[in-house]
Colleague: 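After the C-alpha cells below, expect a handful of questions from me.
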Amino acid sequence: MPEALPEAMNEPRVVATDAALALIREIREDYPDILFHQSGGCCDGSSPMCYPADDYIVGDRDVKLGEIGGVPVYISESQFGAWKHTQLIIDVVPGRGGMFSLDNGREKRFLTRSRLFGGGEACPLPER
C-alpha cells in the first residue's frame, strides 16, 4: 500500500461536482450498487470508469481514494503514485462514456479533473 503523505489534513482525495452527483443518481436507478475505478489509459483514455460493483473485481493493489455520492472510488497503486499529490474532481461533460462504463450511451460522460494539494495538505486514505 502506498505510503501516506505527511501533514495529513481533512481534505478529501476525491470529490464530485453537482453534475457528477446527478449522473451517479441517474445510473443508480438502473444499477444500485456501483463503483468507480480511475482508468490508467488504453482504450478509454484516463477516464473515471463506472461499473456495477459485482462486475468489477477490485485488485489487491488498488487504492481506495474515498467515496462520492456514497460510491467508492479506486485507483491502481501505480496511478496513485503519480497522482498522490492531487485531489481528483469527478465531473461530467457532454459525450460518450468509456466503452464498458455505465455512463456510456447517456450522451454525457464522467471526466476527471484535478488540483494539486498545497502547503503539504493531504488526506489519509480511507480504510478498505
Side-chain angles (χ1 to χ4, degrees):
M1 179 87 126
E3 183 177 314
L5 296 174
E7 301 176 34
M9 305 281 282
N10 288 327
E11 191 72 19
R13 288 195 172 272
V14 62
V15 296
T17 63
D18 289 341
L21 293 172
L23 184 52
I24 289 169
R25 285 190 297 274
E26 179 183 321
I27 290 171
R28 289 182 90 181
E29 288 176 12
D30 298 325
Y31 302 91
D33 194 18
I34 60 174
L35 64 79
F36 280 92
H37 194 278
Q38 176 60 48
S39 172
C42 187
C43 304
D44 292 313
S46 57
S47 300
M49 304 293 283
C50 181
Y51 301 107
D54 58 355
D55 282 2
Y56 188 87
I57 298 172
V58 176
D60 290 340
R61 299 184 72 92
D62 286 335
V63 176
K64 183 179 179 185
L65 295 176
E67 294 189 0
I68 54 174
V71 175
V73 179
Y74 296 91
I75 191 170
S76 70
E77 184 178 50
S78 61
Q79 280 284 98
F80 178 76
W83 292 41
K84 67 184 176 184
H85 298 290
T86 63
Q87 179 182 61
L88 300 187
I89 304 156
I90 308 302
D91 198 1
V92 171
V93 295
R96 294 239 161 189
M99 186 181 316
F100 300 108
S101 186
L102 294 175
D103 54 345
N104 193 14
R106 296 174 190 262
E107 302 310 317
K108 48 193 163 188
R109 65 182 184 88
F110 292 109
L111 173 82
T112 300
R113 301 180 191 281
S114 64
R115 74 169 187 86
L116 287 174
F117 287 120
E121 81 184 274
C123 175
L125 293 168
E127 295 296 319
R128 248 170 107 62

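These numbers come from a predicted model, not from an experiment. Keep in mind that the numbers below use all heavy atoms, side chains included, and drop hydrogens, waters and symmetry copies.
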Colleague: Got a donor-acceptor contact below 3.5 angstrom from the Arg109 side chain to the Gly105 backbone?
Modeller: no

Colleague: Answer yes or no: is there a side-chain heavy-atom contact under 4.5 Å between Phe80 and Leu65?
Modeller: yes

Colleague: Treating Asp62 as the side-chain partner and Tyr74 as the backbone partner, does any N or O pair qualify as donor plus acceptor under 3.5 Å?
Modeller: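 Here the side-chain-to-backbone pair does not exist.
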
Colleague: Decide yes or no for Leu35 and Met49: does some side-chain heavy atom of the first lie under 4.5 Å from some side-chain heavy atom of the second?
Modeller: no

Colleague: Indicate whether any N or O donor in one side chain lies under 3.5 Å from an N or O acceptor in the other, for Gln79 and Gln38.
Modeller: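 Their side chains do not contain a donor-acceptor pair, so the 3.5 Å distance test is not met.
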
Colleague: Report yes if some heavy atom in the side chain of Thr86 is under 4.5 Å from a heavy atom in the side chain of Phe117; otherwise report no.
Modeller: no

Colleague: For Pro48 and Ile90, which heavy atoms make the closest approach, and how far apart are they?
Modeller: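 Scanning both residues, the minimum pair turns out to be CB-CD1, 4.0 Å.
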
Colleague: If hydrophobic residues (ILVMFWY) are linked whenever their side-chain heavy atoms come closer than 4.5 Å, directly or via other members, who joins Val15 in its cluster?
Modeller: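 Traced through the cluster, Val15 reaches Ile89.
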
Colleague: Less than 4.5 Å apart, any side-chain heavy atom of Asp54 and any of Tyr31?
Modeller: no

Colleague: To check you understand the geometry: which heavy-atom pair defines the closest contact between Ser114 and Leu88, and what is its length?
Modeller: CB-CD2, 4.2 Å

Colleague: Between Glu67 and Arg13, does any NZ, NE, NH1 or NH2 come within less than 4.0 Å of an OD or OE carboxylate oxygen?
Modeller: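 No, Arg13 and Glu67 are not salt-bridged.
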
Colleague: Does any non-hydrogen side-chain atom of Ile68 lie less than 4.5 Å from one of Ile24?
Modeller: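 The answer is yes; the side chains approach within 4.5 Å.
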
Colleague: Not counting sequence neighbours, list each pair that qualifies as a side-chain hydrogen bond (donor to acceptor under 3.5 Å, both in side chains) and has a residue in residues 15-25.
Modeller: Thr17-Asp91

Colleague: Provide the closest heavy-atom pair for Gly70 versus Pro72 in the form atom of the first, atom of the second, distance.
Modeller: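 Residues Gly70 and Pro72, closest heavy atoms: O-CD, 4.0 Å.
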
Colleague: Could you go through the salt bridge (charged side-chain N to carboxylate O under 4.0 Å, His left out) check for Arg115 and Glu11 one step at a time?
Modeller: CA-CA 12 Å; Arg115 74 169 187 86; Glu11 191 72 19; 2.9 Å; yes

Colleague: Short question: side chain of Ser101, backbone of Cys50 - any donor-acceptor pair under 3.5 Å?
Modeller: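 Yes, because the side chain of Ser101 sits within donor-acceptor range (under 3.5 Å) of the backbone of Cys50.
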
Colleague: Group every Ile, Leu, Val, Met, Phe, Trp and Tyr by side-chain heavy-atom contacts under 4.5 Å, then state whether Leu111 and Val14 land in the same group.
Modeller: no

Colleague: Suppose the criterion is ring-ring contact (aromatic ring centres under 6.0 Å, His included): which pairs have a residue in residues 49-71, not counting sequence neighbours?
Modeller: His37-Tyr56, Tyr51-Tyr56

Colleague: Before accepting this row, confirm whether a basic side-chain N of the pair Glu26/Lys108 lies closer than 4.0 Å to the acidic partner's carboxylate O.
Modeller: yes

Colleague: State the CG-CZ distance between Asp33 and Arg28, to the nearest 0.5 angstrom.
Modeller: 7.0 Å

